[in-house]
Amino acid sequence: MWVFIIIQIINGFPVDKKEVKGGFDSLNVRFIGNWPFGHSYAVSFDPSRNLVFLGSGGGVYILNVSNPSNPQKVSEKIHTRGIVYGLFYESVNKRLYIAAGQGGLEIWDVTDASNPIKLGHYFTPGLAYGVYVSGNYAYVADDSAGLRIINISNPSSPYEAGYYVTPGEAMGVYVSGNYAYVADVDAGLQIYEFYGVGIKEKDFSKEGFRLLNNIVKNEIKIELSPLIKDKIIQFELYNVLGERVRSYMVSKLSSKISLSTCGICPGIYFLKYNKEEKILKVIVNR
């Protein structure tokens, strides 16, 4: 059986094997206390309240460790739909994000530690093993389904914003800025960049213009419908942060027009037809 244990690090230096006493403690690490319930795979900590969140089987124990030699149970009311393999505690909103294996991602409000409340969940396609939260996104290491990026801006209704099927099995994830670092078993460390979402795409199947190709180099080529009667047409190009990077005023001399992308950095952009609030994704390549 696995158990939660508390150890004290006396100093940060390596310990020579000769200093090991009784096969358990060394001169600079000693046993302090434990909570003997398992199997336990995940742990997180709230330093402001001295609370430990311990993932054990299909649930989470909330423990008060103000006295580390004698942890006290605050709650065991968090029950998940799968085994708890990963935890991330977000201190600002006091929310606990749980990677619950086949149960996917679960979001809990632990403001009242004695009475946690489930806010929402998202069933990922694989087995959720690890989770890291940054901004409005939860990054889930989802085994053979790779890295899944879940929008959690509305915790009661999370949805997938992006994903990457990794070459191995994603087990752990850490995020810094736009980069996600994934522990991917046999594939080792994998590093991915998430562009984010600045402007949402819309369905243009019945609209008055279309892109001839959404991956472009020097120019964006557009085909206009006869439904568009304007002689002068305005387009605007935005980056993934929603910032306008270029405006175009073009004359409708024919049904096909071109918009220059010279001087624009490679990446994902969104083209907006101002008059009708229409938006299309464009990938600028070099």
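Both backbone and side-chain heavy atoms feed into the values below; hydrogens, waters and symmetry mates do not.
Follow the hydrophobic side-chain contacts under 4.5 Å out from Y61 and you never reach I117; the two are in separate clusters. One hydrophobic cluster, built from ILVMFWY side chains closer than 4.5 Å, cannot hold both V43 and V84; they sit in different ones. In the hydrophobic clustering of this structure, V74 groups with V110; members are Ile, Leu, Val, Met, Phe, Trp, Tyr whose side-chain heavy atoms approach within less than 4.5 Å, directly or through other members. The cluster map of Ile, Leu, Val, Met, Phe, Trp and Tyr, joined by side-chain heavy atoms under 4.5 Å apart, puts V173 and F194 in the same cluster. Clustering ILVMFWY residues whenever any of their side-chain heavy atoms sit less than 4.5 angstrom apart, transitively, puts I78 in a cluster other than the one holding L54.
A 4.5 Å side-chain heavy-atom check between S251 and I232 finds at least one atom pair inside the cut-off. E169 has its side chain out of reach of Y129: every pair of non-hydrogen atoms, C-beta onward, lies at least 4.5 Å apart. You'll find the side chain of K221 stays beyond 4.5 Å of the side chain of V216, heavy atoms only. A heavy-atom distance below 4.5 Å is found between the side chains of K94 and Y89. Contact check for F235 versus I222: side-chain heavy atoms found under the 4.5 Å cut-off. The shortest distance between side-chain heavy atoms of I220 and Y269 does not fall below 4.5 Å. For the pair T261/V282, no side-chain contact is recorded, criterion being any heavy-atom separation below 4.5 Å from C-beta on. In this structure the side chain of R148 reaches within 4.5 angstrom of the side chain of V165, judged on heavy atoms.
Looking at every heavy atom in both residues, L63 comes nearest to K73 through CD2-CA, 3.8 Å. Smallest separation of non-hydrogen atoms from T124 and G104: OG1-CA, 3.6 Å. Taking both residues in full, the closest heavy atoms of A113 and L51 are given as CB-CD1, 3.6 Å, listed atom of the first, atom of the second, then distance. The shortest heavy-atom contact between Y181 and S176 is CE1-CB, 4.3 Å. Nearest heavy atom pair, residue A141 against residue G172, reads CB-N, 3.6 Å. Residues F270 and N239 approach most closely at CD1-O, 4.1 Å, considering heavy atoms.
Atom OG of S66 sits about 4.0 Å away from atom CG of N50, to the nearest 0.5 Å. Distance CD1/I98 to OH/Y85: 14.0 Å, rounded to 0.5 Å. Distance check: Y122 OH to S157 OG gives 10.5 Å after rounding to the nearest 0.5 Å. Considering CZ of R246 and CD1 of I264, their distance stands at 4.0 Å, rounded to 0.5 Å. The distance from the CD1 atom of I233 to the CE atom of M249 is 10.0 Å, given to the nearest 0.5 Å. Here the OH atom belonging to Y179 is positioned 4.5 Å from the CD atom belonging to E193, to the nearest 0.5 angstrom.
When the shell of 6.0 Å around CZ of F123 is examined, it contains more than 12 heavy atoms from other residues, nucleotides or ligands.
The aromatic rings of Y192 and Y164 sit tilted relative to each other, their planes meeting at an angle between 30° and 60°.
For the pair Y248 (side chain) and S260 (backbone), a donor-acceptor distance under 3.5 Å is present. Distance alone, capped at 3.5 Å, is enough to place a donor-acceptor pair between the D184 side chain and the A170 backbone. No donor-acceptor pair closer than 3.5 Å links the side chain of D143 to the backbone N or O of G126.
For the 3.5 Å distance criterion, the side chains of Y159 and N151 qualify, holding a donor opposite an acceptor. For the residue pair S114/S75, the side-chain donor-acceptor check at 3.5 Å is not satisfied.
Applying the ring pair (Phe, Tyr, Trp, His ring centres under 6.0 Å) test between F88 and each of F45, Y132, F53 identifies Y132 as the sole match.
For the side-chain hydrogen bond (donor to acceptor under 3.5 Å, both in side chains) condition, the pairs that include at least one residue of residues 97-106, sequence neighbours left out, are E106-W108.
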